[in-house]
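Throughout, protein chains are lettered first and strands after them, A, B, ... in sequence-line order, and every chain is numbered starting at 1. Because the structure is a prediction, the values reported are computed rather than measured.
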Amino acid sequence: MTKSYDHKKIESKWRREWEKAEVFKTADVSDKPKCYVLDMFPYPSGEGLHTGHTRIYTASDVYSRMKRMQGLNVLHPTGWDAFGLPAEQYAIKNKIHPSAAVKKNTDRFREQMKSLGFSYDWEREINTTDKKYYKWTQWAFLKMLEKGLAYESYEPINWCPSCKTGLANEDLEGNACERCGTTVEKKPMRQWVLRITDYADRLLSGLDTLNWPESIKEAQRNWIGKSEGALIKFKVKSKKKKDDDELEVFTTRPDTLFGATYCVMSPEHKLLDEWKDSIENWSEVEAYREEMKKKTEIERTAEGKEKTGVRLLGITAKNPANGEELPVFIADYVLAHYGTGAIMAVPAHDTRDYEFAKKFGLNIKKVIQPLSSKWLIVEKSLPAECVQNLITFGDVEVKEIDKDWGKFFTVSISEKEDEFIDWLKKNLLKTSDDGGSWYANSDDSRKVVFSEIEFDVSTDEGIASYKDYGRKKGVPEEELDVDDSKIFIGYGILVNSGKFDGIKSEDAKKAITEFAGGKLKTTYRLREWVFSRQRYWGEPIPVIHCERCGVVPVPEKDLPVILPDVEFYEPSGTGESPLANIHDWVNVKCPVCRSDAKRETNTMPQWAGSSWYYLRFIDPRNQDALVSKEKEKYWSPVDMYVGGVEHATRHLIYARFWHKFLFDIGVVNYEEPFIQLKNVGLVLGEGGIKMSKRLGNVINPDTVVEIYGADTLRVYEMFMGPFEQSTAWNTESMIGPRRFLEKVWKLAPKVKSDALVTASLETAYHQTIKRVSENIEDFKFNTAVSGMMIFLNELEKVESVTKEMYEGFLKLLTPFAPHMTEELWHDLGNDTFIYHETWPIFDPSKIVSDRMAIAVQVNGKVRATFEIGREIGEEEVKMTALTQPEVRKWVGENQPKKVIYVKDKLVSVVV
RNA sequence: GCCGGAGUGAUGAAAUUGGUAACCAUGCACGACUCAAAAUCGUGUGCCGUAAGGCUUGGGAGUUCAAGUCUCCCCUCCGGCACCA
């Protein structure tokens, strides 16, 4: 009588029906509010879909399906990111053309994705290698060229000798090629570069507006690496030359300028060649430079490596703050590409400078005094008797420690700290209204913790202030102590700095920079985006090189520049792409002067096409524009973006950069592309080890779908653990979700029109609606499934279920198990698609039952629980609690000191 | 070194945000059905203890009637950056 749950039959049946009825087709324009739910589209590898993909796609699919049922117009598309090295390598290895490989792989991916029942609108499928698509990638490049954001450069770049192509900084892992692990070399060559650093500040500040995981935002902040400092010029003197050379340094600590005792230039610094004649030991300098050229970046930057360098004899630099003549060195610890490639060295307040100074026996001059809660700062204008009073105050020892400074006193903190502060407040200082908050630990006077408060006070005679800089979390005791033998790299109070003595580091930065004739400057760690690859399988860069006209952009009307077919697409390794050999294609007429010219043969990196693909889904067939303004305005930005963390500092930075550029030229209406981002946790192999072909522990989704069904796989992947957390695959545990679905299936015959609904079942039902809806919204799919399991267990206890309740339950389940619920929905006599139904809404009045369970604690331990009507008042609940036998046993004859009632939850009795 | 995230039963994990730690699921044990096994169903299952009871969220302190959750110190693991001045 009951038909069995045959997942194969059901799943293929409903996939056909959905396709026939075009249920997943998205309306372009609608009165409904929109919701754009996007997966990071796959790179269609030869391996097919893996369990990591399916976890992402299931999550976004569950979310999309609920949003649709909640009445939103949902855009949920997918496509293929198919240009780039892996596809090309795969093609070379399998001796087929990359485009054939892409076709083969995407067909496989598409079929696998369909077999999982994802609700993608396949009519919007895009492929970055499609000329109709990459026409617009090239178009965007031309726009960047036009705005000066794309340019040719000849700087040495990272070159992977194995992949035979130049790479961007983002393509490295450590100092190796991210793809193949080969150590990269520095190779000077012509290349195309995008000025991403022009957007560094906006890429940074935009992060604050995004609902992204903190870890990703932090990774991007680190990657961009903003540091605020100053450019300061040192006059350079040499015996042979007149006093007109200048060495500009970048420093984040202009406040330590008085402590600069030497300067260091990177061995690659351009001024060195100009100074050749003035440098007395040029041969030594040259030898050092040669040595550095041979070393890899890794060797140069190895941790714990001893400092090396060479002093430039005959050259000195003048400290603009105090006029001191300083020696100048070249050393490899200064990097050519950061700041100005030269530094002022302050050995007293920088660990690297300190190491170098120790080794070369250079002066170390302390100019920053650490601050702590032990410091009292009294400004110069303080009347003498006040200082006297301070010094003589009771048990608090106030000692002048350096007469030269004239205004620093240590306050050794005693148990009379409070009195001392009271005295300060009364006699010397008037506090601001609230006085801030400070507190002291009474049993250890040294552990006094202050918040940062300043008392600024005017007395008749002058101004005094008690500044308390507090002790920051985690600052060890040593740093607070004044200890000249240790170097101090933090902020503090200036000493030995002429008229700047006594000023806080933070305040001194600007003042000293101005004093030294420098200027404040912000630098970034982010490097320009090296945008050309000497490989075949990428978008041709749409420019023409003409001897007469130089670089000429391909006219827009001639786009796309189609990637030609070639016989041999292996990289040449010469720095030319394989396209250089296709004479028919390379040789063209200059669009400007019609003379003979050549096409650019470099191609774009893999990341180009994925930097804007999400916009194309909005308007995938548009021939006249990247995206229509009207549609873009409706759909953009992406509301929910789901994918892996590996894209934190690659795709997600590049896409934000492109998007901001497109915003600037008016293509898009909003400055950030992805409002909310969710990261999937890794799916590890059984036992928590990484899945890999080599270990043979890769789970193939096809097999799982075959044995358990797509619905079970979907439920399992959502139930296996928190979405954003890594979890090990466990085939044994898959039986749980399968049993769950079987139980739902077997419940169908229990549906009766006259079924009785108890109040507690009704409550459970509404609680489940609430929980599942909220959990899906928050991407807490595991607890959503758990919630449904709990409710199912309730349903199993009763004789019969109403149709309404069962249908409601199926609706909650359908995002997770769309095929099975569709079948059950139709079995109930419905001829609509459950997919088109409305999401259940809970009744707030029904989510609380009229009974409540109260726990009773005696001295913090739970000793009894009881149930009582929700309407019962506090006093009565307390009385009931105290009369519980278990409670009486533990309270005994004692009179309770205190009885606390936490509404609807517990009674806490203190004896 | 700096920054971010995490640490809870045998296992995946949950905890209404300070209020009964371990929901749900897997596994395991026992039982029912079966000639038998699988499947299914039922009962039990944090640790110590026969029990009464005690202990338990990486470790240590603290605040509180009450701490997985808040504060301080420390340890371990994962991730980002790192001779970036």
Given [options], identify the nucleotide with an atom nearest to the side chain of [X].
X	options	answer
A:Ser786	B:rC24, B:rA85, B:rC65	B:rC24
A:Ala219	B:rG80, B:rA85, B:rG54	B:rG80
A:Ser908	B:rG4, B:rC81, B:rG19	B:rG19
A:Glu732	B:rA85, B:rG19, B:rG27	B:rG27
A:Thr865	B:rC23, B:rA85, B:rU20	B:rU20
A:Glu214	B:rG4, B:rA85, B:rC65	B:rG4

Under a 3.5 Å limit for both distances, which nucleotide forms a Watson-Crick or G-U wobble pair with [N], could you say?
N	value
B:rU40	B:rA32
B:rC72	B:rG60
B:rU45	B:rG27
B:rA15	none
B:rA85	none
B:rG79	B:rC3
B:rG9	none

What is the glycosidic conformation of B:rU11: syn, defined as within 90° of 0, or anti?
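Anti, since the glycosidic angle lies more than 90° from 0.
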
Is the glycosidic angle of B:rG27 within 90° of 0, making it syn, or outside that range, making it anti?
anti

When you compare [N] with [M], how far apart are their [atom1] atoms, in angstrom units rounded to a whole number?
N	M	atom1	answer
B:rG46	B:rC23	C1'	14 Å
B:rC28	B:rU11	C1'	11 Å
B:rA51	B:rU16	C1'	36 Å
B:rA14	B:rA22	P	15 Å
B:rA15	B:rC2	P	33 Å
B:rA21	B:rC47	C1'	14 Å

Is a side-chain donor-acceptor pair under 3.5 Å present for A:Trp223 with A:Glu170?
yes

Is it true that the side chains of A:Tyr491 and A:Lys509 contain a donor and an acceptor less than 3.5 Å apart?
yes

Name the nucleic acid region contacted by [X], choosing base, sugar-phosphate or nothing; use a 4.0 angstrom heavy-atom cut-off, strictly under.
X	result
A:Phe719	base
A:Lys861	sugar-phosphate
A:Val645	nothing
A:Ile735	sugar-phosphate
A:Asp353	nothing
A:Ser726	sugar-phosphate
A:Ser733	sugar-phosphate
A:Trp890	sugar-phosphate
A:Arg863	sugar-phosphate
A:Pro722	sugar-phosphate

Using the six-membered ring of A:Tyr333, assess whether NZ or CZ of A:Lys307 lies under 6.0 Å from its centre and within 45 degrees of the ring axis.
yes

Counting only side-chain nitrogens and oxygens, does [X] get under 4.0 Å of the OP1 or OP2 atom of [N]?
X	N	value
A:Lys770	B:rU16	no
A:Asn782	B:rA14	yes
A:Thr351	B:rG1	no
A:Asn222	B:rG79	no
A:Gln725	B:rG5	no
A:Arg739	B:rG27	yes
A:Lys889	B:rG53	yes

A:Lys226, NZ atom: more than 12 neighbouring heavy atoms under 6.0 Å
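Enclosed: over 12 neighbouring heavy atoms sit under 6.0 Å from NZ of A:Lys226.
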
A quick test of your reading: do over 12 heavy atoms of other residues, nucleotides or ligands sit less than 6.0 Å from NZ of A:Lys358?
no

For a quick check, tell me whether the side chain of A:Lys307 and the base of B:rC83 share a donor-acceptor pair closer than 3.5 Å.
yes

Is it the case that B:rG19 (base atoms only) and A:Gln857 (side chain only) share a donor and an acceptor within less than 3.5 Å, ignoring hydrogens and angles?
yes

Going by side-chain contact (heavy atoms from CB on, under 4.5 Å), A:Ile343 matches just one of A:Leu247, A:Thr251, A:Val264. Which one?
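Filter result, single survivor: A:Val264.
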
Ion pair check, [X] and [Y], cut-off under 4.0 Å:
X	Y	value
A:Glu799	A:Lys750	no
A:Arg739	A:Glu742	no
A:Arg221	A:Glu214	yes

Let me spell it out: for each of A:Thr783 and A:Ser215, pick the nucleotide of RNA chain B with the closest heavy atom. Which residue's pick is nearer the 5' end?
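With A:Thr783 and A:Ser215 compared, the 5'-side residue is A:Ser215.
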
Per nearest nucleotide of RNA chain B, the residue lying toward the 5' end, A:Glu886 or A:Ala853, is A:Ala853

